[in-house]
Structures are given as C-alpha cells and as structure tokens.
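Before we start, here is the structure in question, set down as structure tokens.
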Amino acid sequence: MAVGLFDSGLGGLTVYDAVSKRLPDVPLVYFGDNAHAPYGVRDADDVYNLTTAAVERMWAAGCDLIILACNTASAAALRRMQESWIPKDKRVLGVFVPLIEALTERSWGDNSPPREVEVKHVALFATPATVASRAFQRELAFRAIGVDVEAQACGGVVDAIEDGDMILAEALVRSHVDALKRKMPEPQAAILGCTHYPIMHDAFQAALGADVNVYSQANLVADSLADYLERHPKMIGHGTDNLFLTTGDPRKVSDRATQFLRRQISFQAA
Ligand code: DGL
C-alpha cells in the first residue's frame, strides 16, 4: 500500500519531488499517463474516462489515497468522480484547494464565509481545459470576494515539456505572459495552475517581473498532504519503495524524468 500521485505525464513529478522531500518515509506510486498527454486539449468526458482508468490502475497497485497532481483532471473530472464513483474506503484528492487556501490566507478546512483578502489582481496560467472549467474561480469564490482573476490558457506548453523542447516551452511561456499582460497589465500574483509549469518557473518569473508573487503548487500540496496524513495515518501505507508507472515508453519517460528531477528515476510500463 502506498500514496498515489497521478498526472497526465511528467508535470506531477514537480509534486512528487516536493512530497518525497517533505515525507521521505511515505511510499509513493507515481502514475504518468504519458501515452495520452496532454489532457489540457481534451473535453471533460475524455479527461474523466482517462483519469478514472488511471485511478483504477493505481488502486490495483495498492493506493487507497490518490492525489490528482494534475489540475486538468482536478478541474474537469474530480467533482464527478467524488459525487458517484469513488468507493467509501478510497480517497482521491485534487490540487486546487491547497493553492487557493494559500492565496486566500486560510488554514486547512477553514470553511468560514468568503472574505476580502490582500491580493486583488490574480493571473491564472493553466491548460485550455482547466481554464474552460472555471473550477479555479469557483473554488476561489467560496473563500474570497473582490478578487479579479484573469485566466490565460497556455496552449502548447505541456506538449513542448513532454517532448523535452525547453526552448519552445520558454518561447511559449513568454508569449502567454505577454497575452495575459495585455488583459491585466499589473497582476499582483500569478498562479501556475498546471503541474508541468513549475518546470518553467524561472521563465514565468522573468517574463512577469520580480515583483509578481508566483505561486506554484508542489510545496503547498506536499504540506497539505503531510497535514492530511497526520489526521489519517492509516492512509500512509506500509510499502518501502517508490514505484513509477507510465502508459508511455518507459525508457523515454525515465530519461526525461531524470533530466527534470536531476536524479535517476526509472519508470515501468503501467
Ligand atoms: N500537468 C497537468 C495539469 O496540471 C496536465 C497538463 C496536460 O496534460 O495538459 O493540468
């Protein structure tokens, strides 16, 4: 038994990296659906079908607790999964809420009515499917009032990262930040609302300028998982080794993962 981390591809490794450093004794199973990445250009039914298939595979690998380390799946599929599909003894959690709690200065599970917060102008960078879902704005509205969110769908960035073409990824980041700034010239905060984007953190920060606070999810999700496991210690599992599964080509995916995390990562066929 282990904690599962799911992503459409390599992006969830940013969350894996933070979780494995924060919780070095917790066994993890990482699942990258690289054969079907990117999810961000798919419709909600497609994302739901792919995500549920991956989650079933991770249940088979012994994961009772799964984090969808993928905003697109969290935005387009998680609510539907939680409403009717997930059995009582399993938990599937998303990555939006920890981020929004950080942005709105709330501690975990603070369900008090929405209130005014410090930050007023927020840029959201995410995949086309996440932007179309408006899930971020919906979750934010439960907690904060008077926050202006401008969303920028960042087409192409995930494909470039999955292909290892970092020059293209950087050029795309610059052009998406330019497009955002035409709509919102002075954002106070920027949300990297796709787990692939922290790999391009420096490019986002450089294009946005040093005074924009760039939020990325990895550490926030790791902290909130640590908190959750403290309250639900049975979910920790008793495995000892981490396992990396992919629907893609294990050799290619291992090479890219090793390059991104700067340590040896070996994927197996899912
Ligand atoms: N890394 C994912 C996310 O957080 C998915 C990106 C994609 O497959 O398009 O949205």
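For ligands, and for the atoms within them, numbers begin at 1 and follow the listed sequence. These figures come from a predicted structure and were not determined experimentally.
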List the residues meeting side chain to side chain contact (heavy atoms under 4.5 Å, CB included) with Ala179, not counting sequence neighbours, and say none if there are none.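 Checked Ala179 against side chain to side chain contact (heavy atoms under 4.5 Å, CB included); matches are Gln152, Arg182.
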Of Asp7, Asp249, Thr246, which meets side chain to side chain donor-acceptor pair (under 3.5 Å) against Asn34?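 The residue from Asp7, Asp249, Thr246 that satisfies side chain to side chain donor-acceptor pair (under 3.5 Å) with Asn34 turns out to be Thr246.
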Test item: Tyr30 side-chain N/O and Leu13 main-chain N/O as donor-acceptor pair under 3.5 Å: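 Such a contact is found between Tyr30 side chain and Leu13 backbone.
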Do the two ring centres, one from Tyr197 and one from Phe204, sit under 6.0 Å apart?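 Yes, ring centres under 6.0 Å apart.
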What residues sit with at least one heavy atom under 4.0 Å from ligand 1?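 Contacts of ligand 1 under 4.0 Å: Asp7, Ser8, Pro38, Tyr39, Gly40, Cys70, Asn71, Thr72, Thr127, Val158, Cys194, Thr195, His196.
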Hey, does Val158 have a side-chain heavy atom less than 4.5 Å from the side chain of Cys194?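 Side-chain contact under 4.5 Å: yes.
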Is any NZ, NE, NH1 or NH2 atom of the basic residue among Arg263 and Asp17 found under 4.0 Å from an Asp or Glu carboxylate oxygen of the other?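 Salt bridge present between Arg263 and Asp17.
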